[in-house]
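Notes to accompany the following structure.
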Amino acid sequence: MTNWGKNLATMRAHAPLVQNITNYVAMNVMANAMLASGASPAMVHAEEEAAEFASFTQALTINIGTLSPAWVRAMTAAAQVANTVGTPWVLDPVAAGATAFRRETSAQLLTCKPTVIRGNASEIIALTGEAAKGKGADAADTVSAAENAARILAQQTGAVVAVTGPIDFVTNGTEAFRIANGHALMPQVTALGCALTGVVGAFVVGQDPLEATVAALAYYGLAGEHAAKVAQGPGSFAMGFIDALHAITPEDVNNGAKVVAT
Ligand SMILES: Nc1ncnc2c1ncn2[C@@H]1O[C@H](COP(=O)(O)OP(=O)(O)O)[C@@H](O)[C@H]1O
Ligand SMILES: Cc1ncsc1CCOP(=O)(O)O
Ligand SMILES: [Mg+2]
């Protein structure tokens with residue numbers, strides 16, 4: 001499992017349709033990141049159509065960043081369809097520990113068996129019911145403090161769990177990887193975590209979820225490294241990051257991936 005560039009090539013060959021039920025902050029950022037990577041995003045959240053769309057999309061992502069009761073009904077219905085028809089889906093538990101509404105919604109969505117759960121350290125800790133230090137959508141716990149929670153969550157749910165931060169940690173409950181790609185400007189731009197969840201959704205289509213998630217994180221972090229070389233701050237970084245997602249080749253990923261099996 002060292003040819004991480006192959007996973008990028010496979011994702012681009014599929015150019016998968018990915019349905020995203022995401023938050024208002026992330027919609028545009030996420031769609032642009034996914035297009036630049038080589039996927040086809042569709043932001044479809046209405047209660048009247050989310051489940052129908054989930055019956056034919058190639059992957060689904062669900063992000064609880066800006067919740068309302070109607071959205072929760074749409075999320076649950078879409079996740080149930082994905083689970084029933086065997087479509088891979090990715091959960092992004094934004095600020096999962098912050099309120100009872102978020103805790104309850106996350107717990108409900110976990111029963112619909114996500115293929116991958118991608119969150120920051122505080123969010124992954126919160127999903128296990130432990131006290132997390134999250135500051136709204138931002139992490140206040142270290143990735144290493146969330147490793148045990150990630151393993152437990154993976155074992156309990158059957159999902160691949162990805163904890164992102166300065167060094168990402170990905171596990172299926174038995175195997176685990178650390179990915180050291182990325183740049184400190186990434187958390188300075190809103191919705192780059194949400195956008196990553198969409199990219200992970202695109203990678204898992206027709207690919208092994210653990211391998212595809214690791215490859216997606218390495219590719220995405222590498223794009224951050226490339227963008228930082230020419231950025232003058234978070235604004236120009238955001239623009240350069242989309243360009244880098246588009247420009248990076250499978251060969252670049254093979255040369256630049258900083259992935260270690262633990
Ligand atoms: N301090 C950091 N240094 C390098 N990369 C980072 C850092 N913080 C986050 N990242 C990267 O930013 C992306 C989004 O992760 P993160 O900020 O944890 O998500 P979220 O925005 O959901 O909290 C990931 O690719 C992660 O590896
Ligand atoms: C700021 C904010 N508030 C609700 S959702 C959201 C976006 C969070 O994006 P990310 O988790 O990628 O930083
Ligand atoms: Mg997030």
Side-chain angles (χ1 to χ4, degrees), residues 4 20-34 37 43 45 61-68 71 75 90-99 101-102 105-106 116-127 132-147 150 161-170 177-201 203 213-229 231 234 237-238 241-242 244-245 248 253 256-260:
W4 306 108
N20 306 289
I21 306 179
T22 193
N23 63 73
Y24 292 112
V25 186
M27 281 190 196
N28 185 269
V29 178
M30 183 181 192
N32 275 324
M34 294 177 72
S37 301
M43 283 35 194
H45 64 260
T61 77
I62 296 182
N63 175 307
I64 67 165
T66 50
L67 283 176
S68 72
W71 280 43
M75 289 171 178
V90 186
L91 175 65
D92 189 329
V94 177
T99 64
F101 189 30
R102 283 165 197 269
T105 301
S106 309
V116 182
I117 303 165
R118 198 295 310 164
N120 65 43
S122 298
E123 292 160 350
I124 298 301
I125 293 170
L127 286 188
K133 299 177 192 150
K135 191 178 172 192
D138 295 330
D141 297 274
T142 62
V143 172
S144 51
E147 285 189 7
V161 177
V163 188
T164 55
I167 297 178
D168 307 324
F169 178 79
V170 180
F177 294 87
R178 291 198 180 87
I179 302 107
N181 295 102
H183 192 275
L185 279 169
M186 295 176 83
Q188 297 293 310
V189 178
T190 194
L192 285 199
C194 307
L196 170 58
T197 295
V199 172
V200 170
F203 268 69
T213 301
V214 172
L217 267 52
Y219 158 66
Y220 200 81
L222 190 60
E225 293 169 23
H226 284 214
K229 285 184 189 147
F237 175 82
F241 182 66
I242 298 294
L245 286 174
I248 286 176
V253 174
K258 298 173 195 153
V259 178
V260 177

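For ligands, and for the atoms within them, numbers begin at 1 and follow the listed sequence.
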Suppose we measure from atom 1 (C) of ligand 2 to each protein heavy atom; which comes out shortest, and what is that distance?
Thr190 OG1, 3.9 Å
Please report which non-hydrogen protein atom sits nearest to atom 4 (C) of ligand 2, along with the residue it belongs to and the distance in Å to one decimal place.
Gly65 O, 3.5 Å
In this structure, atom 13 (O) of ligand 2 is nearest to the protein heavy atom Ala191 N, 3.7 Å
Taking non-hydrogen atoms only, is Gln188 closer than 4.0 angstrom to ligand 1 via side chain, backbone, both or neither?
neither
Which pair of non-hydrogen atoms, one from Ile64 and one from Ala96, has the smallest distance, and what is that distance?
CD1-CA, 4.3 Å
In the protein, what heavy atom is nearest to atom 10 (P) of ligand 2, and what distance, to one decimal place, separates them?
Cys194 SG, 3.6 Å
Would you check if Leu196 and Met186 make a side-chain contact, meaning some heavy-atom pair closer than 4.5 Å?
no
Close N or O approach (Glu123, ligand 1; < 3.5 Å)
no
Check this for me - ligand 1, Asp138, N or O atoms closer than 3.5 angstrom, yes or no?
no
Is the shortest N/O to N/O distance between Gly165 and ligand 1 below 3.5 Å?
yes
Protein heavy atom at shortest distance from atom 6 (C) of ligand 2:
Val25 CG2, 3.8 Å
Roughly how far, to the nearest 0.5 Å, is the NE2 atom of His45 from the CG atom of Asn63?
12.5 Å
Within reach of ligand 2, part of Leu192 (heavy-atom separation under 4.0 Å)
backbone
Polar proximity ligand 1 side, Tyr220 side, N/O cut 3.5 Å exclusive:
no
Pairs of nitrogen or oxygen atoms closer than 3.5 Å, one from Gly193 and one from ligand 2: do any exist?
yes
Is it the case that Thr164 and Tyr220 place a side-chain donor and acceptor less than 3.5 Å from each other?
no
Using the benzene-type ring in the case of Trp, are the ring centres of Phe203 and Trp4 under 6.0 Å apart?
no
Under 4.0 Å between a side-chain nitrogen and a carboxylate oxygen: does that hold for Glu123 and Arg102?
no
